[in-house]
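The next block holds one structure in the form of structure tokens; read it before the comments.
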Amino acid sequence: MKIALFDTKSYDKSHFEEANKDFGFDIIYLEPALNERTAILARGADVVCPFVNCTVNKAVIDTLKAEGVKLIALRSAGYNNTDYRYALSQGIPVVRVPAYSPHAVAEHSFALLLALVRKLTHAYVRTREFNFSLSGLVGIDLFGKTMGIVGTGKIGRAAIDIAKGFGMKVLAYDPYPREIEGVEYTDLDTLLSASDVVSLYCPLTKDNKHLIGRKTLSDMKDSAYLINTSRGGLIDSEALLEALKERKIAGAALDVYEEEAGIFYTDQSDTGIEDDTLARLISMPNVIITSHQGYLTKEALMAISNTTLNNIKEFADGKELTNQVK
Ligand code: NAI
């Protein structure tokens, strides 16, 4: 099996090389993302392996088919960028990595939360300049505070365990509640008005775009912090900026941003960015932004590589595809 791995970063290559010791596939590492202009690069490959910012639409699938591609092996959980129904109609199944490490994302959300409430980014910059003053660095305890968890799937549940470890009270909202010890399910309004920290762990769907907007932000406590490691579109960024400027909430930490495509995962330090909302958010002292790196741990990258190559092996062996998108 010859595999064309699109949108390759150095950390993808090193983890796929490690995992491939057990599989022995022929992997071609390509830097460009897969799209209509780059699909031709798949020539000679049996399998293409796209990531989240690739576009796998009908035109791309037509080119892939013409070039002899037989399988699309997504190395992500999400498949909103792939017309999997059309691919299947053309005889090309699509497989994905349904879960890699919920702990990676849950732990990153707490890294962001702690950095935010203990002002670590400010402290770090100060001590690097030999400024050891503590003025303006007063934080809050997490112990005894109320954590509002929106979405209690795999990542949300990992976050609940961490919150309990900090001695926080946990409120949760999910359209499909589960029995979880020590967790009180409420409606979203109650969760927003009662929580000291609101953290999002639900998928972005056609029904919950801007779940956090002007109205929902005004329901939150003025002293509350908002954390988003899920999808940028869950938050109306303009409304968030306004709420922060008006001190309607105490701060925000975001690993995702609704207009992140084309910005995140790229180095724009030479040119700056054109997105004024993002630039203004980044400039605020009570905002921390990371570049969609919640999943970026060794464990998660190894799990992504192993599952992707195992998905391809199942296909090569003619077995049932465990992780096929149907
Ligand atoms: P999951 O499918 O295990 O759980 C999602 C939960 O959200 C489910 O319990 C579902 O009922 C609930 N839900 C759906 N709509 C909701 C709504 N409107 N309000 C509240 N809850 C709702 O998914 P998992 O693995 O926990 O991932 C959650 C999200 O995390 C993913 O959809 C993805 O957007 C994001 N993610 C972010 C990563 C990062 O690097 N920052 C990496 C991986 C996932």
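Every number for a ligand or one of its atoms is a count from 1 in the order of the listing. In what follows, residues are counted from 1 in the order of the sequence shown.
Salt bridge absent: D161 and R157 never bring a charged side-chain N and a carboxylate O closer than 4.0 Å. K313 has a carboxylate O that lies under 4.0 Å from a charged side-chain N of D317, or vice versa, which qualifies the two as a salt bridge.
Counting only residues at least two apart or in different chains, salt bridge (Lys or Arg N to Asp or Glu O under 4.0 Å) contacts with residues 250-275 are absent. The list of side-chain hydrogen bond (donor to acceptor under 3.5 Å, both in side chains) pairs with a residue in residues 76-85, not counting sequence neighbours, reads K58-D83.
Hydrophobic clustering, defined by side-chain heavy atoms of Ile, Leu, Val, Met, Phe, Trp and Tyr closer than 4.5 Å, groups V95 together with M1, I3, L5, F16, F23, F25, I27, Y29, V47, L71, L309, I312, F315, L321.
Between Y295 and F51, the ring planes are tilted. Angles from 30° to 60° get that label.
Near ligand 1, heavy-atom contacts under 4.0 Å come from Y100, V105, V150, G151, T152, G153, K154, I155, Y173, D174, P175, Y176, R178, Y201, C202, P203, N208, T229, S230, R231, D255, H292, G294, Y295.
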